[in-house]
Protein chains: 6
Amino acid sequence: MTEMNPNLVVIVSPNAALKGPTKAREIIMEKGIPILSISDQPSKKAFYAKNEEGKSVPSVPDSTGFIVLPMDPMIGARKEFLDPTEMALFNAELIKLLSCTGVLRFIQLEIEKLIDGVKSGKLPDLPKITLKPEQALEAAGFENPYAYSKAFASLKMAEIVADITTTACFKEQNPDKYIPMVSAAHEVLRAATSLADEAREIEKGNNTVLRTSHSSSGKIQRKKKLLDKPQ
Amino acid sequence: MTEMNPNLVVIVSPNAALKGPTKAREIIMEKGIPILSISDQPSKKAFYAKNEEGKSVPSVPDSTGFIVLPMDPMIGARKEFLDPTEMALFNAELIKLLSCTGVLRFIQLEIEKLIDGVKSGKLPDLPKITLKPEQALEAAGFENPYAYSKAFASLKMAEIVADITTTACFKEQNPDKYIPMVSAAHEVLRAATSLADEAREIEKGNNTVLRTSHSSSGKIQRKKKLLDKPQ
Amino acid sequence: MTEMNPNLVVIVSPNAALKGPTKAREIIMEKGIPILSISDQPSKKAFYAKNEEGKSVPSVPDSTGFIVLPMDPMIGARKEFLDPTEMALFNAELIKLLSCTGVLRFIQLEIEKLIDGVKSGKLPDLPKITLKPEQALEAAGFENPYAYSKAFASLKMAEIVADITTTACFKEQNPDKYIPMVSAAHEVLRAATSLADEAREIEKGNNTVLRTSHSSSGKIQRKKKLLDKPQ
Amino acid sequence: MTEMNPNLVVIVSPNAALKGPTKAREIIMEKGIPILSISDQPSKKAFYAKNEEGKSVPSVPDSTGFIVLPMDPMIGARKEFLDPTEMALFNAELIKLLSCTGVLRFIQLEIEKLIDGVKSGKLPDLPKITLKPEQALEAAGFENPYAYSKAFASLKMAEIVADITTTACFKEQNPDKYIPMVSAAHEVLRAATSLADEAREIEKGNNTVLRTSHSSSGKIQRKKKLLDKPQ
Amino acid sequence: MTEMNPNLVVIVSPNAALKGPTKAREIIMEKGIPILSISDQPSKKAFYAKNEEGKSVPSVPDSTGFIVLPMDPMIGARKEFLDPTEMALFNAELIKLLSCTGVLRFIQLEIEKLIDGVKSGKLPDLPKITLKPEQALEAAGFENPYAYSKAFASLKMAEIVADITTTACFKEQNPDKYIPMVSAAHEVLRAATSLADEAREIEKGNNTVLRTSHSSSGKIQRKKKLLDKPQ
Amino acid sequence: MTEMNPNLVVIVSPNAALKGPTKAREIIMEKGIPILSISDQPSKKAFYAKNEEGKSVPSVPDSTGFIVLPMDPMIGARKEFLDPTEMALFNAELIKLLSCTGVLRFIQLEIEKLIDGVKSGKLPDLPKITLKPEQALEAAGFENPYAYSKAFASLKMAEIVADITTTACFKEQNPDKYIPMVSAAHEVLRAATSLADEAREIEKGNNTVLRTSHSSSGKIQRKKKLLDKPQ
């Protein structure tokens, strides 16, 4: 891939602190190619270090950016519970949640900025952030404050899915204990997605759903009323 | 109250580590009366201390028991958001959640054991525990494992309500930021309660709801089928 | 309690016409202390008498007020059906219903008026009313007329819960008959609460939920938009 | 119609005590033709009289039977609220409720008995009853007791729709008052129907829905499992 | 009926291309009485013919109009599945769907135009149309575009019910295959009706439900706000 | 890719009849590598031809297999409506639907058979089919016949999404007409997915959800009870 000599590489993976993604970043960095990593909560280990006051701060080369998504939890990876059908269901719920709550649009907008930079010859500073609910929700563009609250709640619920699956997959060895746990984690996600959907339905009921499609020139356009033209 | 010279005092309060409940326990202990404290997560400070290996362990006199309920979260106590109606709603949701998930029955059964002990002249060891979801769910008596998982999920969701309200009430000073937070916390609780209700409805659909009413002699009786006699 | 010589006593009980609450009122009245009784439908026997035209009218001393709540029904008190968990569930549903439909705020506002009177040295006339749905709903402050209608419906549904539980508890002796009845009564309440919740969700969707929190001086403040300051 | 000299006439109408249906019954009775009236709660005036002890008892000629359906309420007949669309909606909800709760099957079975009698040359005693929830629910054939309870609740809710519409249509003259009332009455019905549907869904979930179709010979056949043959 | 010499006859039937309805139209036409047929998709065979370019076009005498409703599907008429209760349920769902989506009001308005014409002495051209979703939805008068979309979706779902029941009733002979099919068809309808109801609830939440009741003079009046007078 | 000289190539694309996928198949076939194409309804043009009786039959070389999925509809690809968020939502709903209804497991099992063949040195006949609902549902493994019916209904609803989006994207040029259409198509999908989820919830309520995970040796194992071991 590095032979294509790209202006920017975006790496999306679970736990960017693992050997694989770490090696990938090293190779690309050696070639002097800017990287944006998009990953989940455990990857913070790769991107943060303690400063002198003992506070955890971003610690990556300038040419490496990252977006850590604490609301992108690990699946309940226990073979007694999972099968391809359950896995696809988990991912479907999660994609819906990340869409309704603005996480996906946040990423769209960040990548857009980078592409615009590449086009204009000057890549902007790469984002180095752990995504907060408020940032995702701003991208979502909710107008009704209760829709906003419901989506906020949905994001916090997504965060704890990982707490439960981590315990179930790495700490608990008794199937009679970890099976109900992974099952519970997926129920939390299902409820969280349902709440995110509820938030979007409120906006639909008020005809205020934000859409950010691309014009034929590639520019992002915005609209809120369903029958309006994007502008 | 101590003048009534009771065999046992049960104290229910938020944050048992605060001055008021702490003073209450001191006065009662001085009289040599056993105490059972029922309280929420922050009260762990009152009941636990680090042992030599640095591990947090129960640290109370023999005559003091406690049941810490991490699933009993603080309300979103910000005056821009709360009013008596909203407060009653929060508590109604929470009572429903604690009922459906077995927390309430766990307490019923624990107190029952103590009362039986008092009656028979020998108070048993007082419980010194932080309630785990699994313990509550065992008391709930679910037969369907997905009902169990949903109730488990509900309890984990209740736990994070406190994380959000604590931030909103004690760390964030800007109303534009903390109002959506407290509102989101209440939405998490509403979703959690709805999930607990879903669990109970599954058991109703299978006619397996556990009931533990009292016989006229005061003994707890059990039944599962709606039309059965409790026994 | 009368030794504290209060300016006003508020008595909340089921069936205020029973011996206990009646005796309590007599004792307090003898001391010349004003009373406000808050109770349910059967307590009308205590507060109303037929006038010359045979019409039922309030019939209490000036120093006794009452708020009769026909929407506060008796629980399905049959031991084959009830247990502490079921009882807590019933009460949770009912508190939610009374909150969403304005009953709770109506009481808040009435008591507030009395407290203001006590503070200013002149207790106003005590309320002598059987609460109508319309009065509760006005306190609820609904803006959307269908939310209002749904809450109205919810209150009427709450009223019939008592009809069913009364028959099941006092008239029907066959468990095979009264168990389904009490179970049905609780289902009516559950459906009624769900409808009240639906009404509140409509108002949330329009950002018009009324909140009446207290200022630090104790005055009631109002607001409708979630992010507004109460005033 | 009487010229066709039928063996039995079934008259279905609202309020069978009104002039029209009363006249119809008179004409048919004069011809000596047996009648079964199916009507709603207000029609009790036509079919019941007080006996010597002052108790209301059926009081009709032998050749007249009746089935009074207290769960078949009057519509909210106020022109500010109704239009053909709203009326069709009300009736659709009601038909669904009466179907799910067994009322419709009760009538099917009663008429079936009469037709069988006519065929065999001897009309059985005509029913003279006010339908109780328990009778309808027995016809519905619920196996799950909570489904039974939900359907029971649904029937009781249907009964109060009429209380509200009667007040709104005949007692209250102020549109600002009666419009919300009729709207609330229809919300009660909508909630009642939803509960009846919930009951049926439980039975579907257990594969125990009773079906009573006709064989080609006209005999009623029964089945419960979806893939079974009716027998 | 023709002896009453009416100005217009409206015939409502399934499949107007069958012998019965066809014969009925012939008899009435012979008397020179205008006819409006309202029927379902299969009746297109009766009203359309191919023109010279091979395109299907209306082909009926001037005195015959028709409204074909593709969203009025055949029931799942297999005796293993149907019984009077299931049939009433199917029809209840369908009436609700046709009401919420404007189909019923479209017919109301068309018939109204004809009645007005008859009254004024000149019957207007009879409608000769296959109803499109857009025409029904215009009559429904939705203001929120997502409510409109949901109702649109509901109408398209109603159309496929017939595809499934037709296969199940006429092509498939194995009960193990056609029973799940007819059951599935009814589930499509139930989901479609639920979506239509969702559309109406959005309009209720915005207080924009169109009502078209009749004035005492018989004229259609319109209103949108619940508490408004029709005009 | 062909340089890797694989035993089998699986190509997943929309409309396999388009130039791109067709070219891909040609290149791979030239190398003598077997192909399995997985695609949607319009791709039938690539895989079927009319036989002598004018019937459409599979018409591909032996080394080419295909699975056509009529329940995998085109998105509502109109820029006024779509944006990356809406697109992700559409796909999330669809993945959930295809998972719950067994489509995904059908593909899993088919591919598994091919891999087993490759491993054992003899590739079996490649599937040449247009997936029927019954085939998907058999893979889903529903035990409750109403869950089966609901999933069946969901699949039929998914099929018509494509009808609507095709019209909206290729036939209708007026945005005021095609925007509501694409929006309606997505509402059909959302309702279809919700129905598929309902089906799965019924199976969860009966503890009969089929899971087909892989053993460590790669073999597919089955289980139905949540706490069972896969076997």
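Lettering of chains follows the sequences in order, A, B, ..., and the numbering in each one begins at 1.
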Once you round to the nearest 0.5 Å, how far does [atom1] of [X] lie from [atom2] of [Y]?
X: C:L104; Y: B:L89; atom1: CG; atom2: CG; value: 8.5 Å
X: B:E93; Y: C:I95; atom1: CD; atom2: CD1; value: 11.0 Å
X: C:R190; Y: B:R200; atom1: CZ; atom2: CZ; value: 10.0 Å
X: C:S213; Y: B:R78; atom1: OG; atom2: CZ; value: 12.5 Å
X: B:E86; Y: C:L210; atom1: CD; atom2: CG; value: 11.5 Å

When you measure from the side chain of B:K223 to the backbone of C:E80, do you find a donor-acceptor pair of N or O atoms at a distance under 3.5 Å? yes
Using non-hydrogen atoms only, which part of B:S216 is less than 4.5 Å away from chain C: side chain, backbone, both, or neither? neither
Are there over 12 heavy-atom neighbours, none belonging to B:D125, within less than 6.0 Å of that residue's CG? no
If every non-hydrogen atom of C:S99 is compared with every non-hydrogen atom of B:A88, which pair is closest and at what distance? OG-CB, 3.3 Å
Nearest non-hydrogen partners of C:L226 and B:I179, listed with the distance: O-CG2, 3.6 Å
By a 4.5 Å heavy-atom criterion (distance strictly below it), what part of C:Q231 contacts chain B: side chain, backbone, both, or neither? neither
Can you pull out every ring-ring contact (aromatic ring centres under 6.0 Å, His included) where at least one residue sits in residues 154-207 of chain C? Sequence neighbours excluded, please. C:F81-C:H186, C:F90-C:H186
Just do the salt bridge (Lys or Arg N to Asp or Glu O under 4.0 Å) check on B:R105 and C:D83 with the steps written out, would you? CA-CA 9 Å; B:R105 182 173 290 124; C:D83 67 339; 2.5 Å; yes
Show which side-chain atoms of residues 130-141 of chain C pair as donor or acceptor with protein atoms under 3.5 Å away, not counting sequence neighbours.
{"from": "C:T130", "atom 1": "OG1", "to": "C:Y48", "atom 2": "OH", "distance (Å)": "2.7"}
{"from": "C:Q135", "atom 1": "OE1", "to": "C:K132", "atom 2": "N", "distance (Å)": "2.8"}

Contact leader toward chain B among C:K229, C:Q221, C:Q108, C:H214, where contacts are heavy-atom pairs under 4.5 Å: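 So the answer, after comparing C:K229, C:Q221, C:Q108, C:H214, is C:Q108.
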Chain B: which of C:L98, C:D228, C:I220, C:D197 shares the most heavy-atom pairs with it under 4.5 Å?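 So the answer, after comparing C:L98, C:D228, C:I220, C:D197, is C:D197.
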